[in-house]
Amino acid sequence: MFSVANGIAYDGLMVLGRKPALAFATTLGDSRWIDVPAEGAEGHFIPAQAEVAGRLVLGAQRDGNDCSIYVISPFRKVAYNMRTLLEQDGLEPQWIKQSVGTVHTFQGKEADLVILLLGGDPARPGAMDWAAEKPNLLNVALTRAKNRVYVVGDRRHWMRRRYFDVLADALPVAAAAPGGALLHL
């Protein structure tokens with residue numbers, strides 16, 4: 001997270017001021033990009049990507065390490081539909097309201113784990129281009145994470161965009177099987 005933000009927004013001049021938290025552990029593994037094709041788009045909301053993000057949230061909560069989690073998206077519709085999905089999964093509405101939203105919702109806040117739910121309809125690429133226009137959006141999303149970041153999105157489409165190319169190069173890739181099951185590296 002640090003090196004990507006440093007590369008896209010600070011020309012490598014940022015200095016890491018603290019050591020990573022060694023006590024943080026999750027059965028979800030290290031930060032990575034979970035590649036879920038952008039199929040069946042409903043606007044910029046991709047149901048299969050949201051299902052994977054939901055499984056990550058539930059998995060992190062099962063870990064029992066009481067970690068804080070944010071689910072962040074560049075797009076309002078994606079955040080709204082993700083909140084709805086998590087409500088259907090029975091998660092606490094107050095937690096959902098505080099923990100799921102757009103990048104702008106979380107400026108100045110941090111969580112142990114950030115799930116960056118990209119969405120984005122490849123048939124309407126203008127919004128994806130907008131999200132990649134400046135490094136700010138990606139920088140804010142990544143720097144909310146204190147320990148881990150999981151990017152959920154169609155890597156093939158996002159890695160073609162400025163700043164997201166750096167992110168794609170920096171993170172190992174995992175794929176999601178049909179139905180949202182996670183395939184490990």
Side-chain angles (χ1 to χ4, degrees), residues 1-10 12-36 49-75 78-79 82-83 85-86 89 91-92 94-119 131 135-153 155 158-159 163-176 180-185:
M1 298 159 299
F2 174 84
S3 48
V4 172
N6 197 17
I8 67 171
Y10 301 102
L13 298 175
M14 191 165 58
V15 176
L16 184 60
R18 65 178 183 187
K19 293 180 182 177
L22 299 176
F24 182 83
T26 177
T27 58
L28 300 177
D30 291 334
S31 296
R32 64 183 179 268
W33 188 309
I34 302 168
D35 187 20
V36 182
Q49 292 177 7
E51 186 169 332
V52 168
R55 287 177 185 256
L56 288 169
V57 168
L58 295 173
Q61 290 184 341
R62 270 194 316 267
D63 278 352
N65 62 9
D66 197 31
C67 68
S68 54
I69 306 166
Y70 289 154
V71 180
I72 301 175
S73 179
F75 307 115
V78 173
M82 188 68 214
R83 285 191 295 271
L85 184 77
L86 291 173
D89 284 341
L91 293 179
E92 169 65 36
Q94 187 61 31
W95 180 87
I96 294 169
K97 182 179 177 182
Q98 293 174 346
S99 303
V100 181
T102 63
V103 173
H104 300 95
T105 306
F106 297 103
Q107 281 188 295
K109 301 176 183 177
E110 289 184 323
D112 293 311
L113 188 154
V114 166
I115 299 165
L116 177 55
L117 180 57
L118 292 174
N136 305 33
L137 190 135
L138 181 57
N139 181 47
V140 170
L142 293 176
T143 57
R144 301 311 90 203
K146 291 193 279 186
N147 292 292
R148 301 279 192 282
V149 64
Y150 302 107
V151 177
V152 179
R155 188 172 182 273
W158 282 97
M159 70 184 288
Y163 309 116
F164 289 88
D165 57 346
V166 177
L167 180 63
D169 287 344
L171 289 177
V173 181
L182 301 180
L183 301 176
H184 293 283
L185 300 174

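Just so it is clear, the model here is predicted, and its values are computed rather than measured. Side chains included, hydrogens not; waters and symmetry mates left out as well; all remaining heavy atoms used.
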task: Kindly give the heavy-atom pair with the smallest separation between Ala168 and Met159, and that separation in Å.
output: CB-CB, 3.6 Å
message: Looking at Gly29, is its backbone amide N or carbonyl O close enough to the side chain of Arg148 to form a donor-acceptor pair, meaning the two atoms are under 3.5 Å apart?
response: yes
message: Check whether Ser73 reaches the backbone of Leu117 with its side chain - one donor and one acceptor, N or O, closer than 3.5 Å.
response: yes
query: What do the steps show when you test Ile115 against Ile69 for side-chain contact (heavy atoms from CB on, under 4.5 Å), and what is the final call?
result: CA-CA 8 Å; Ile115 299 165; Ile69 306 166; 4.3 Å; yes
- prompt: How far does OG1 of Thr143 sit from CD of Gln107, to the nearest 0.5 angstrom?
  reply: 9.0 Å
message: So Leu118 and Phe164, do their side chains get closer than 4.5 Å, heavy atoms only?
response: yes
- line: side chain to side chain contact (heavy atoms under 4.5 Å, CB included) test vs Tyr150 passes for just one of Val57, Leu113, Asp30, namely Leu113
message: Determine whether a donor-acceptor pair (N or O, by modelled atom type, separation under 3.5 Å) exists between the side chain of Asp169 and the backbone of Leu167.
response: no
Verdict with supporting geometry, Tyr163 and Leu137, side-chain contact (heavy atoms from CB on, under 4.5 Å): CA-CA 10 Å; Tyr163 309 116; Leu137 190 135; over 6 Å; no
statement: Between Arg155 and Asp35, the two heavy atoms sitting closest are N-OD1, 2.9 Å
Contact summary for Phe106 and Thr102, nearest pair of heavy atoms: CD1-O, 3.3 Å
Side-chain donor or acceptor of Ser68 paired with backbone N/O of Ala111 under 3.5 Å: no
- prompt: When rounded to the nearest 0.5 angstrom, what is the spacing between CG in Leu91 and CG in Leu58?
  reply: 5.5 Å
message: I'd like to know if the side chain of Arg144 and the backbone of Lys109 have a donor-acceptor N/O pair within less than 3.5 Å.
response: yes
query: Side chains of Leu138 and Val166: closer than 4.5 Å at any heavy-atom pair?
result: no
message: Any side-chain to backbone donor/acceptor pair from Gln49 onto Gly153? Under 3.5 Å, distance only.
response: no
- prompt: Does Trp158 reach the main-chain N or O of Gly119 with its side chain, forming a donor-acceptor pair under 3.5 Å?
  reply: yes
message: If you compare all heavy atoms of Met82 against all heavy atoms of Ala50, which two are closest, and at what distance to 0.1 Å?
response: CE-O, 3.5 Å
- prompt: Is there side-chain contact between Val149 and Ser31, with at least one heavy-atom pair below 4.5 Å?
  reply: yes
